[in-house]
Asks: 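The structure follows.
All of these numbers come straight from a predicted model, not from anything done at the bench. The figures that follow rest on heavy atoms only: side chains count, while hydrogens, waters and symmetry mates do not.
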Amino acid sequence: MTHIDGCSFQFVSPAMPVERAVAELRFGRPVVVADGRRRLAVLALDCVAASVYDQFAAAVEDRHALFLTSSRAERLQPPVCEEMAVPLQGIGYDAASHLVYGLGAAVPTQWRSADPMMRVGAELARLALLLPAVICAEIAGIESRFAACCEIEKHALLATGAARQRFETVVRTKVPLRELGDAEFVVFRGGLAQKDQVAIIVGRLDTGGVVPIRIHSSCITGDLCASLKCDCGDQLRNGLAALKAMGGGVLLYLDQEGRGTGIGAKMRAYGYQHLGLDTIDADAELGYGSDGRRYEAAIAMLRGLDITKVSVLTNNPAKLAALADGGIAVEKRVALPGEVTAENAGYLRTKQKRAGHMLDIETLLAAE
């Protein structure tokens, strides 16, 4: 209940506990995950100061453990492919950080299978665009030491699914685009943290038929700076041109940099790629799977535009599956190649061979 000038307002949203917990983790503060009578204190290592790391260890009397995802565990100790909990007693901040994302980190001598409650903390960290490695400790008997911390029930995280799909139109306005003429930008706001997402309409939109669309995830390096490491910028510009040539369509520009990992993790992964790792192995070093993007926002935006049947410009079968699962009828797929260069050929081959993208790299190279 909130009181403003004598008036009372009851704000009820299943996303509120998650949003608060996510914000606390990004500030480098612990949150408490509750499941019945159990309480687990969680701290995201990615943005915590070394002094806070030490304070947390003292508060839980060295009964804390580091959660590592199955992707990171497999990089540390193949063929182990399960979530790990590594006891941190006697392990300092620098050593723990190296265990989380360091190349060639020593295999932990002691570890156990992670408690499922730890996974809730890791998912909160992922939603906060932090590395999915969290420090966890049972706080039975010492709950008072964490009384000031944000507390979230385990089931609250599951309840945010519907909230993520509610988006409202903020504004629609005309924007003239070079070589494409007038386009209409439609800004939607909603989902977790009330992010703004943009739909770009080019040409004439006929929502009564099959609408050509492109779902494009943000890529600062490729879209904005013309990076040669990927084909994202090419796909953005080629996608808009193709939609215009088809008579009209929509490009949904989603705020999920680095295949959903965030710009910080993406830059860490780029550093590992410079050392010879491919894009998927580089993300795995940081604890991520091959693709963490989600498409609830795209589905909600299409519904907001009254679009129910689509032709999708994509090479990624995961987008087709997500749309179909969300109740959008996918009538057709249209390939959308970018320029293949010496710098991105390896990246594109990895997407083809390891992520199932529908690309014919050798034909594209032959055409150059």
Side-chain angles (χ1 to χ4, degrees), residues 11-23 123-124 126-129 155-173 175 183-203 205-219 223 235-236 239-240 243 248-262 291-314 316-334 336:
F11 296 107
V12 179
S13 167
M16 283 176 62
V18 179
E19 291 167 348
R20 289 171 176 169
V22 161
E123 175 63 6
L124 289 171
R126 191 197 66 78
L127 290 171
L129 297 181
H155 65 77
L157 190 60
L158 302 177
T160 60
R164 290 178 189 163
Q165 294 185 11
R166 287 198 293 270
F167 281 77
E168 300 293 334
T169 302
V170 176
V171 64
R172 300 178 69 138
T173 191
V175 178
E184 185 177 20
F185 278 50
V186 185
V187 179
F188 291 85
R189 180 172 298 155
L192 192 66
Q194 292 292 291
K195 283 185 176 182
D196 289 347
Q197 310 283 8
V198 181
I200 304 171
I201 301 172
V202 297
L205 195 61
D206 178 12
T207 59
V210 178
V211 178
I213 70 165
R214 161 76 181 160
I215 301 175
H216 189 94
S217 297
S218 58
C219 177
D223 298 344
Q235 288 196 317
L236 173 62
L240 286 169
L243 293 173
V250 183
L251 186 141
L252 305 174
Y253 196 86
L254 303 184
D255 180 8
Q256 44 185 8
E257 186 81 26
R259 293 197 297 270
T261 67
D291 195 335
R293 290 175 292 182
R294 297 181 178 181
Y295 300 102
E296 297 98 329
I299 293 163
M301 292 162 74
L302 289 172
R303 288 175 178 156
L305 294 170
D306 295 323
I307 296 172
T308 58
K309 295 183 290 185
V310 295
S311 171
V312 188
L313 280 66
T314 188
N316 185 355
K319 293 180 181 179
L320 305 178
L323 289 171
D325 289 344
I328 304 296
V330 179
E331 303 290 337
K332 184 180 179 182
R333 181 190 79 89
V334 179
L336 185 64

Asks: Rounded to the nearest 0.5 Å, what's the gap from CD1 on I328 to CG on L302? Could you check?
Replies: 5.0 Å

Asks: Provide the closest heavy-atom pair for A322 versus I299 in the form atom of the first, atom of the second, distance.
Replies: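 Nearest pair, atom of A322 first, then I299: O-CD1, 3.4 Å.
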
Asks: Any idea which heavy atoms bring F188 and G304 closest together, and the distance?
Replies: CE2-CA, 4.2 Å

Asks: For residues L254 and R294, report the shortest heavy-atom separation together with the two atoms involved.
Replies: CD1-O, 4.3 Å

Asks: Starting at NZ of K332, measure out to CG of L320 and round the result to the nearest 0.5 Å.
Replies: 13.0 Å

Asks: Given R259 and R293, is the side-chain contact (heavy atoms from CB on, under 4.5 Å) satisfied, shown in steps?
Replies: CA-CA 5 Å; R259 293 197 297 270; R293 290 175 292 182; 4.0 Å; yes

Asks: Please evaluate residues Q197 and L252 with respect to the criterion side-chain contact (heavy atoms from CB on, under 4.5 Å), reporting the C-alpha separation (whole Å), side-chain torsions for both, the decisive distance (0.1 Å), and the verdict.
Replies: CA-CA 8 Å; Q197 310 283 8; L252 305 174; over 6 Å; no

Asks: Indicate yes or no: at least one non-hydrogen side-chain atom of D325 is less than 4.5 angstrom from one of Y295.
Replies: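 When only atoms from C-beta onward are counted, Y295 and D325 do not touch, as no gap falls below 4.5 Å.
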
Asks: Please identify each residue that fulfils side-chain hydrogen bond (donor to acceptor under 3.5 Å, both in side chains) with E331, with sequence neighbours left out.
Replies: none

Asks: Which atom pair, heavy atoms only, marks the closest approach of R214 to T314?
Replies: NH1-CA, 4.0 Å

Asks: Using 0.5 Å steps for rounding, measure from the CG atom of D255 to the CG atom of L129.
Replies: 8.0 Å

Asks: Which is it for V250 and V186 under the side-chain contact (heavy atoms from CB on, under 4.5 Å) test, yes or no, and what are the steps along the way?
Replies: CA-CA 10 Å; V250 183; V186 185; over 6 Å; no

Asks: Find the distance between CD1 (I307) and CG (L323) and round it off to the nearest 0.5 Å.
Replies: 11.0 Å

Asks: Would you say that L205 contacts E184 through its side chain, given a criterion of any heavy-atom pair below 4.5 Å between the two side chains?
Replies: no

Asks: Might you point out which heavy atoms bring L305 and T207 nearest each other, and give the distance in Å?
Replies: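 So the two residues come closest at O-CG2, 3.4 Å.
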
Asks: Output the distance between atom CG (L251) and atom CD (Q235), rounded to the nearest 0.5 Å.
Replies: 10.5 Å

Asks: Could you check whether any side-chain N or O of S217 sits under 3.5 Å from a backbone N or O of E257, counting only pairs where one atom can act as donor and the other as acceptor?
Replies: no

Asks: Would you sort out whether D206 and V211 count as a side-chain contact (heavy atoms from CB on, under 4.5 Å), showing the intermediate values?
Replies: CA-CA 7 Å; D206 178 12; V211 178; 5.8 Å; no

Asks: With rounding to the nearest 0.5 Å, note down the distance linking CD1 in I213 to CG in L313.
Replies: 8.5 Å

Asks: Quick one: closest heavy-atom pair of A300 and F167, and the distance?
Replies: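 Answer, listing the atom of A300 first, then F167: CB-CD1, 3.7 Å.
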
